[in-house]
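The figures here come from the full heavy-atom set of this structure, side chains too, leaving out hydrogens, waters and symmetry mates. So you know, we letter chains A, B, ... as the sequences are listed, proteins then strands, and number each from 1.
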Amino acid sequence: MSQDMSEENLPDRPAHEGGSQVATAENPFADPGFPAHQPRRQDIDEKAARSSERTVAFLFTVSMLATLGFIASFVVIPIDKIVYIWPLGHISALNFALGMTLGVSLFAIGAGAVHWARTLMSDVEVADDRHAIAASPEVRAKVMAEFATGTGESQIGRRKLIRNTMLGALTLVPLSGVFLLRDLGPLPEDKLRHTLWSKGRLLINQNTNKPLRPEDVAVGSLTFAVPEGLEEEQHDYQEQLAKAALMIVRIQPNDIKDKKSRDWAHQGILAFSKICTHVGCPISLYEQQTHHVLCPCHQSTFDLSDGARVIFGPAGHALPQLHISVNGEGYLEALGDFEEPVGPAFWERG
Amino acid sequence: MSTNTSASAKPRGKAPAGERVADWADGRLGIYSLGKANLRKIFPDHWSFMLGEIALYSFIIIILTGVYLTLFFHPAMNEVVYDGSYAPLQGIKMSEAYASTLHISFDVRGGLLVRQIHHWAAIVFVAAMLVHMMRVFFTGAFRKPREINWVFGFLLLFLGMFDGFMGYSLPDDLLSGTGIRFMEGAVLSVPIVGTYLSFFLFGGEFPGAEVVPRFFTIHVLLIPGIMAGLLVAHLILIVYHKHTQWAGPGKSEKNVVGMPFFPVYTAKAGGFFFVVFGVIAAMSALVSVNPVWAYGPYRPDQVSTDAQPDWYMGFSEGLIRIMPGWEINFAGHTLVLGVFIPLVIFPLVLGFMGVYPFLESWVTGDKREHHLLDRPRNRPVRTGIGAAWISLYLILLVGGGNDLFATRFHLSINAITWVVRISFFVLPVLVFFITKRICLGLQRRDRDKVLHGRETGIIKRLPHGEFIEIHEPLEQGALFKLTQHEQPKPLEVGPEVDENGVEKKVGPTAKLRAKLSRGYYGEGTQIDKPTVEEYEEITSGHGHH
């Protein structure tokens with residue numbers, strides 16, 4: 001590749017890098033060499049130097065005092081004491097005291113050291129030569145020869161059977177590690193397709209923990225519900241909740257634009273999955289007038305009066321709706337599980 | 001060792017204790033050879049060389065405070081009922097991880113402070129790495145021989161971002177749990193294997209009981225271990241290559257000018273560690289960060305508004321928010337492009353920076369060592385690319401906070417999203433051209449300064465009434481500084497036909513390379529720097545500017 005291009009585009013480097021001898025006369029742009037060192041006040045005035053010394057010592061002393069303050073705060077201030085400090089507001093007294101004393105004790109050490117370096121330590125600039133990173137041709141030739149000797153002594157080039165079986169063994173051996181990872185989790189199977197909802201399961205109001213009746217759901221309100229039988233005590237509560245959470249709204253049946261959606265509702269009471277179809281945030285912002293819901297994470301917006309289709313944002317499909325009705329005792333119940341998987345889309349979703 | 005050498009300093013008695021310890025160590029570790037090479041090692045001085053130090057020191061602070069936190073934190077997701085001293089959450093069911101985080105915050109003296117230092121230091125760490133990387137980028141300090149060290153630094157940034165994400169996910173609070181849920185959705189979007197990856201990651205269905213302990217091991221052991229190794233390699237290479245420096249009188253590609261490590265930088269850099277630590281400690285005393293008690297424990301059916309990741313994840317959040325919700329269904333499968341495309345663009349945006357040194361040296365054909373830094377203006381195309389990248393990063397950060405911008409500035413969230421969508425494509429291009437032009441303008445100014453001198457602000461009236469401003473010629477040091485930089489020419493493909501009339505095959509890659517090279521160094525990418533002849537013609541002329 002590099003050979004079909006000339007390297008002439010790069011400018012020559014001056015042969016006399018860093019030299020000041022060729023300077024001024026013939027080339028006004030030449031490197032004049034190091035400027036003379038300008039002494040600081042501390043270099044020539046011992047009084048100024050002593051003043052710097054005192055400043056550094058003062059800072060180190062401040063640090064010691066602050067550390068003592070840290071220990072005192074730790075011992076004296078109760079952990080639950082709240083104080084008002086303008087403009088921070090009501091804050092933990094202990095956190096404030098410990099943080100400030102620790103901050104001062106550390107900062108003062110740093111400030112002292114830096115001040116010491118800047119005012120008292122030598123500030124004469126010195127030059128070091130750089131060494132070439134790449135080895136010299138002799139070294140390179142020597143290493144190559146040694147490598148060739150080693151390769152030859154190992155006979156790897158001659159004994160192909162050893163080489164090939166070794167490569168085979170080294171290729172296979174990591175497979176054991178891959179298999180060891182297998183039990184990190186179960187296979188997905190159809191777990192993402194099913195939720196706790198099933199025919200006849202009551203809708204439990206999440207606030208009251210009571211089964212919902214149609215009259216509990218007013219137009220313009222947003223109610224959250226979970227399936228009957230989902231108890232906080234059960235071991236898979238969070239996993240079931242992550243799929244089964246419902247949001248329930250009531251819209252005048254005539255305002256429901258999507259026919260199937262209207263059929264799956266009960267007197268305008270619609271039950272949608274609360275889990276956003278984008279990446280699974282729970283949807284919680286409801287606009288009564290427009291029947292739009294907004295996911296607070298990535299702002300996907302769904303129109304609940306039109307089958308919860310996506311009207312804005314990054315979600316890829318509508319919120320799944322749960323087919324509901326009323327049972328003999330007047331409670332809202334599910335007529336089955338969701339017909340499609342809830343939550344974020346995945347490869348097998350179809 | 002003759003007898004009379006020891007006679008010179010101390011005729012009787014032992015050497016001082018420190019010296020004896022050093023002798024002991026040298027006999028086992030060879031510290032004197034190490035000291036000979038490095039004790040008086042020269043480092044050049046410039047404020048921008050300090051940015052990497054901030055990153056290094058905040059990493060150390062993170063390790064120190066992180067070890068402390070592991071003494072109290074329980075990375076477990078079994079349910080407990082909170083009975084600690086934070087009244088609003090008493091009696092509430094939560095994971096042990098969240099309960100132990102509350103315990104650290106409210107029942108361990110200084111625990112809240114250390115938690116806050118840990119979190120603030122992480123925020124500073126990633127910010128410092130990013131700014132340090134920009135410094136290295138804009139000054140061309142990534143060029144040979146430092147490309148590998150650039151890659152190490154890039155990997156540190158990449159890993160640092162992920163370790164930060166894992167770290168703030170551990171408390172299992174409502175906000176971080178939402179972040180993990182987002183991650184589940186992102187993993188699910190991966191074609192073919194996404195569902196399996198998700199089940200293996202979470203040990204089953206989301207959220208499961210495995211993700212916090214698994215993240216804990218990755219967060220405190222795996223990633224920091226890799227990062228510590230990379231960091232050591234990064235530092236060794238800095239010492240080995242010797243630091244880059246700005247051009248100036250007496251400074252060249254063949255030397256490094258500055259002050260010795262011992263004592264000046266021992267004090268300055270060592271002291272600066274305490275400065276950084278002190279400032280972060282004070283920040284942690286004054287400004288609350290990640291108040292997990294205010295969010296409550298994680299429940300998959302709840303969320304807070306204004307849900308935001310830490311700032312360094314903000315640009316990936318922007319990608320995910322502005323992407324249209326594309327989904328393709330075919331043959332019983334779903335391709336979740338709306339999530340998968342951002343997931344792919346995210347590493348590509350970062351990865352472009354990771355491989356940039358190799359791109360540039362391929363395009364420019366420059367395989368030489370570089371130890372003198374470029375002034376950004378003298379490399380307008382590179383500077384333009386860097387500025388365009390930053391603009392892309394920033395506009396995505398805006399996209400990631402579109403809800404905050406909407407509520408704080410009373411704007412329509414839809415409008416902001418659309419602005420970000422369009423800006424994603426348009427803004428970097430605009431910024432590139434504007435930056436390039438600014439660079440060229442600054443080059444012109446340098447040229448004028450060299451040829452005509454510095455503007456003094458003194459106005460002189462000539463006898464015939466004309467007013468002129470007096471320009472003062474620059475000192476030779478300044479002239480050298482403004483003219484020492486190289487102005488390479490673009491690569492040429494060469495004649496299509498060689499001297500014997502035989503047609504030469506020029507591959508499409510070679511043509512592309514030549515074209516890119518023209519874009520880098522061709523017409524309109526640099527202002528010719530003044531020549532000695534031009535300078536002398538003007539200065540020897542009639543004094544008139």
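- Residue contact with chain B, scored on non-hydrogen atoms closer than 4.5 Å, involves the side chain of A/Phe312 exclusively.
- Counting heavy-atom pairs closer than 4.5 Å to chain A, the top-ranked of the candidates B/Ala186, B/Gly185, B/Gly278 is B/Gly278.
- Both the backbone and the side chain of A/Leu187 come within contact range of chain B, judged by heavy atoms closer than 4.5 Å.
- B/Gln484 has its side chain out of reach of A/Asp31: every pair of non-hydrogen atoms, C-beta onward, lies at least 4.5 Å apart.
- With contacts defined as side-chain heavy-atom distances shorter than 4.5 Å, the pair A/Phe107/B/Val279 qualifies.
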For this session: Under the side chain to side chain contact (heavy atoms under 4.5 Å, CB included) rule, what do A/His317 and B/Asn329 come out as? Steps first, then yes or no, please.
Result: CA-CA 11 Å; A/His317 59 269; B/Asn329 288 297; over 6 Å; no
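- The distance from atom CG of A/Asn27 to atom OG1 of B/Thr483, rounded to the nearest 0.5 Å, is 7.5 Å.
- Of the possible polar contacts, none joining the B/Lys268 side chain to the A/Ala117 backbone as a donor-acceptor pair under 3.5 Å is found.
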For this session: Evaluate the criterion side chain to side chain donor-acceptor pair (under 3.5 Å) for residue pair B/Glu317 and A/His298; output intermediate values, then yes/no.
Result: CA-CA 8 Å; B/Glu317 180 83 0; A/His298 308 105; 3.3 Å; yes
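- Only the side chain of A/Gln206 comes within less than 4.5 Å of a heavy atom of chain B; its backbone N, CA, C and O stay farther away.
- Neither the backbone nor the side chain of A/Leu120 comes within contact range of chain B, judged by heavy atoms closer than 4.5 Å.
- Once rounded to the nearest 0.5 Å, the distance linking CZ of B/Arg181 with CD1 of A/Ile275 reads 5.5 Å.
- Both the backbone and the side chain of A/Lys191 have a heavy atom closer than 4.5 Å to some heavy atom of chain B.
- The contact between B/Val339 and chain A is made entirely by side chain atoms (from C-beta outward), counting heavy-atom distances below 4.5 Å.
- With a 4.5 angstrom heavy-atom cutoff, A/Asn95 touches chain B via backbone and side-chain atoms both.
- For a residue to count as touching a neighbouring chain, one of its non-hydrogen atoms must lie under 4.5 Å from one of that chain's; by this rule A/Ala345 touches chain B with backbone and side chain alike.
- Interatomic distance, B/Lys251 NZ to A/Phe34 CZ, rounded to the nearest 0.5 Å: 8.0 Å.
- At a 4.5 Å heavy-atom cutoff, A/Val310 makes no contact with chain B through either its backbone or its side chain.
- Relative ring orientation between B/His333 and A/Trp347 is described as parallel, the plane-to-plane angle staying below 30° on a 0-90° scale split at 30° and 60°.
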Problem set entry | Test side chain to side chain contact (heavy atoms under 4.5 Å, CB included) applied to B/Thr334 and A/Phe346, step by step | CA-CA 6 Å; B/Thr334 303; A/Phe346 48 94; over 6 Å; no
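- Contacts between A/Ala127 and chain B at a heavy-atom distance below 4.5 Å involve backbone atoms as well as side-chain atoms.
- Between B/Arg146 atom CZ and A/Ile133 atom CD1 the span is 7.5 Å, to the nearest 0.5 Å.
- For the set A/Glu239, A/Glu125, A/His278, A/Met100, the entry with the most heavy-atom pairs within less than 4.5 Å of chain B is A/Glu239.
- Interface remark: of the candidates A/Met121, A/His115, A/Gln238, A/Gln238 forms the most heavy-atom pairs closer than 4.5 Å to chain B.
- For a residue to count as touching a neighbouring chain, one of its non-hydrogen atoms must lie under 4.5 Å from one of that chain's; by this rule A/Val124 touches chain B with the backbone only.
- Residue contact with chain B, scored on non-hydrogen atoms closer than 4.5 Å, is absent for A/Phe224.
- Within the model, atoms NZ of B/Lys242 and NE2 of A/His131 stand 4.5 Å from one another, a figure rounded to the nearest 0.5 Å.
- Side-chain contact between A/Ser122 and B/Val264 is absent, with no heavy atoms from C-beta onward closer than 4.5 Å.
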